[in-house]
2 protein chains.
Amino acid sequence: MKRIAESTVRRLSIYLSFLEDIGARGALTTSSDDLARLGGTTSAQVRKDLSFFGSFGKRGLGYSVPELSSRLREILGLERQWRVCIVGAGKIGSALARYAGFAERGFMVSGVYDSDPGKIGKQWGGVTVLDIADLERDIVARQYHIAVLAVPAEEAQVLVDRMVKAGIKAILSFAPTQITVPADVTLRTVNMAMELEGLTFALTNRGADR
Amino acid sequence: MKRIAESTVRRLSIYLSFLEDIGARGALTTSSDDLARLGGTTSAQVRKDLSFFGSFGKRGLGYSVPELSSRLREILGLERQWRVCIVGAGKIGSALARYAGFAERGFMVSGVYDSDPGKIGKQWGGVTVLDIADLERDIVARQYHIAVLAVPAEEAQVLVDRMVKAGIKAILSFAPTQITVPADVTLRTVNMAMELEGLTFALTNRGADR
DNA sequence: GCTAGCTTGTGAATTAAATCACAAGTTAGA
DNA sequence: TCTAACTTGTGATTTAATTCACAAGCTAGC
């Protein structure tokens, strides 16, 4: 398979979310044009994105909503359960641990880790806070697929290195810092400061460039 | 000015964060190569990114850390204070309202809004929860620059439309849905589900494409 | 003042992503 | 069965982003 651009994968997520939405409302078929309008792109882009994975529509008719949903879920790897651990039980970790959206989408949060003895052992949204010292052991023993990192910038890289060494292959980081991982590990970073700076840049330079 | 790519702006944020880091550790000069290594890119990319805004280095010597920091802060619009409101006082809104990182970076959270009468009036990390019915009035009266949206998917677009009508020009959305705004409004979206799906896609298709 | 060693800034070349545009299917209706 | 109206899938084209590669500028040491 050809390398798929991250932007394409992001759009697949958007398409799926719409398909599920209109599917729940009873729609049986849809078109690349519908998906484009709702997803803020063009119909050619939609068809090109899908074409990387196969041919899911019927010319003249469009796409079957349940079928395309199902294919996209397959492509995105959502037809199975994924074990997730949350590393860091601060404000963000806490909010994430209590976030119901995880379970709904097949992500099982099966461990929250922190180093604060005052937190270890506490129950948090159905999950017990565990000792971060056991992180490597648990990555192996519990076979976590995804680690969600919610720790201060200073601790982030060290923890990532530990997790990578223990075999984790996918990390979602909320730490406000740049992290590096080996090529066989996938890292996505959500950095509030960076997003806000994108906005202030636009507010500051608006008009100058468009 | 030529239109600047979002990817460039993101990298500027990264460069700035490193400059502040090494500046605090006493470094006086740095090079495009240093910035590239730390930011996971190439030195040519760093120089090209900066070249859109001017010429900040000295050939043979590199960049002055304090000077480049300052110029980047200027470019990103960080040399001033920005008034931020948080819309939605649920789990995420709560975590954001209490997040200290805002103030540190010049973002003043001066209002949190919700429709739940049980929450309105409560004090939250130094900010009172206000009635979301007053949102439009306050966008005008308090001159919010940025709205951070942390509400369920169903309410997101309606609230955005209301805010846009009232004159808001920058929105950071944490709502798990696609939102559309007019061209003169800047929107950044952080969508947990999409990030996780990016990871599961990689986990599922790993090896096939690299 | 001259040379050697660096590092920037930037056109040119390359690579990647998005858009265009149209042949090829599909359906419905006469 | 034939035609009109659609909509997909995909090469070809265009646009955007990244990388290359090197002249030009700066510093330190002699």
Side-chain angles (χ1 to χ4, degrees), chain A residues 1-15 18-19 22 27-69 71-72 75 183 198 201-202 209-210, chain B residues 1-15 18-19 22 27-69 71-72 75 178 183 198 201 209-210:
Chain A
M1 188 195 287
K2 197 170 155 289
R3 162 142 174 64
I4 303 297
E6 188 178 305
S7 52
T8 296
V9 179
R10 299 192 100 88
R11 283 191 298 269
L12 294 181
S13 283
I14 295 174
Y15 304 153
F18 277 118
L19 286 165
I22 63 173
L28 292 177
T29 64
T30 187
S31 66
S32 57
D33 208 50
D34 288 347
L35 290 171
R37 202 142 2 83
L38 296 163
T41 180
T42 65
S43 62
Q45 179 78 76
V46 173
R47 297 197 299 275
K48 181 70 87 180
D49 285 339
L50 296 176
S51 78
F52 292 131
F53 302 95
S55 160
F56 309 125
K58 280 209 176 65
R59 293 173 190 226
L61 192 65
Y63 302 91
S64 147
V65 171
E67 197 206 315
L68 187 55
S69 296
R71 302 305 302 268
L72 284 180
I75 290 165
F201 174 83
D209 58 321
R210 54 168 166 170
Chain B
M1 187 196 287
K2 199 172 154 288
R3 165 148 170 64
I4 303 297
E6 187 178 306
S7 51
T8 296
V9 179
R10 300 193 100 89
R11 284 191 298 267
L12 294 181
S13 284
I14 296 175
Y15 304 153
F18 276 118
L19 286 166
I22 63 174
L28 293 177
T29 64
T30 187
S31 66
S32 58
D33 208 50
D34 287 348
L35 289 171
R37 201 145 359 86
L38 295 163
T41 179
T42 64
S43 62
Q45 179 78 79
V46 173
R47 296 197 300 275
K48 182 69 88 181
D49 286 339
L50 296 177
S51 78
F52 293 131
F53 302 96
S55 161
F56 309 125
K58 280 208 177 63
R59 293 173 190 226
L61 191 65
Y63 302 90
S64 148
V65 171
E67 196 206 314
L68 187 56
S69 296
R71 303 305 301 269
L72 285 179
I75 290 165
Q178 189 75 0
F201 175 83
D209 58 322
R210 53 167 170 174

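Note that this is a predicted model, so its numbers are computed, not measured. Just so we're on the same page: letters track the sequence lines, and every chain starts at 1.
Taking CD of Gln178(B) as the reference point, atom OG of Ser13(A) lies at 10.5 Å (rounded to 0.5 Å). Note that OG of Ser31(B) is 15.0 Å distant from NZ of Lys58(B), once rounded to the nearest 0.5 Å. Thr8(A) OG1 to Arg3(A) CZ: the interatomic distance, rounded to the nearest 0.5 Å, is 9.5 Å.
Between dT7(D) and Ser31(A), no contact under 4.0 Å exists linking OP1 or OP2 to a side-chain N or O. Between Ser32(A) and dT8(D) there is a side-chain N or O to OP1 or OP2 distance below 4.0 Å. Close to dA17(C), at under 4.0 Å from its OP1 or OP2, lies no side-chain N or O of Ser7(A). Side-chain nitrogen and oxygen atoms of Arg11(B) include at least one within less than 4.0 Å of the OP1 or OP2 phosphate oxygen of dT18(D). Contact check, Ser55(B) against dG25(D): no side-chain N or O comes under 4.0 Å of OP1 or OP2.
Between its two ends, the helix from dG1(C)-dC30(D) to dA30(C)-dT1(D) turns its axis by 10°, counting five pairs per end and rounding to 10 degrees.
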Show your reasoning for whether side-chain contact (heavy atoms from CB on, under 4.5 Å) applies to Leu68(A) and Tyr15(A). CA-CA 9 Å; Leu68(A) 187 55; Tyr15(A) 304 153; over 6 Å; no

Apply side-chain contact (heavy atoms from CB on, under 4.5 Å) to the pair Leu12(A) and Phe53(A), showing each step before the final yes or no. CA-CA 11 Å; Leu12(A) 294 181; Phe53(A) 302 95; 3.5 Å; yes

side-chain contact (heavy atoms from CB on, under 4.5 Å) between Leu72(B) and Phe56(B): does it pass, once the steps are laid out? CA-CA 10 Å; Leu72(B) 285 179; Phe56(B) 309 125; 5.7 Å; no

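Taking atom CZ of residue Phe52(A) and atom C1' of nucleotide dG11(D), one finds them 13 Å apart after rounding to whole Å. One interatomic measurement links the two molecules: CD1 of Ile4(B) to P of dA17(D), which rounds to 10 Å at whole-angstrom precision. Nucleotide dT7(C) holds its P atom 9 Å from the CG atom of Asp34(B), rounded to whole Å. Asp49(A) places its CG atom 14 Å from the C1' atom of dA16(C), with the value rounded to the nearest Å. Atom OH of Tyr15(A) and atom C1' of dT8(D) are 14 Å apart (whole Å). Across the protein-nucleic acid pair, Arg71(B) atom CZ and dG9(C) atom P stand 11 Å apart, rounded to whole Å. Across the protein-nucleic acid pair, Asp33(A) atom CG and dC20(C) atom C1' stand 15 Å apart, rounded to whole Å. Straight-line distance from the CD atom of Gln45(A) to the P atom of dT14(D): 18 Å, rounded to whole Å.
The shortest heavy-atom contact between Ile75(A) and Phe201(B) is O-CD1, 3.3 Å. Taking both residues in full, the closest heavy atoms of Ser69(B) and Leu19(B) are given as OG-CB, 3.3 Å, listed atom of the first, atom of the second, then distance. The minimum heavy-atom distance between Ala36(B) and Ser43(B), with the atom names listed, is CB-N, 3.4 Å.
Using a 4.0 Å heavy-atom criterion, one finds that Ala5(A) contacts the sugar-phosphate atoms exclusively.
Looking at residues two or more places apart in sequence or on another chain, you find a side-chain contact (heavy atoms from CB on, under 4.5 Å) between Thr42(A) and Ala44(A), Gln45(A).
Nearest-nucleotide mapping onto DNA chain C: of Thr42(A) and Arg47(B), the residue sitting toward the 5' end is Arg47(B).
Minimum atom distance to the side chain of Lys48(A) is reached by dA12(D), of the listed dT19(D), dT10(C), dA12(D).
Of the residues in residues 56-66 of chain A, Arg59(A), Gly60(A) come within less than 4.0 Å of DNA chain C through at least one heavy atom, sorted by number.
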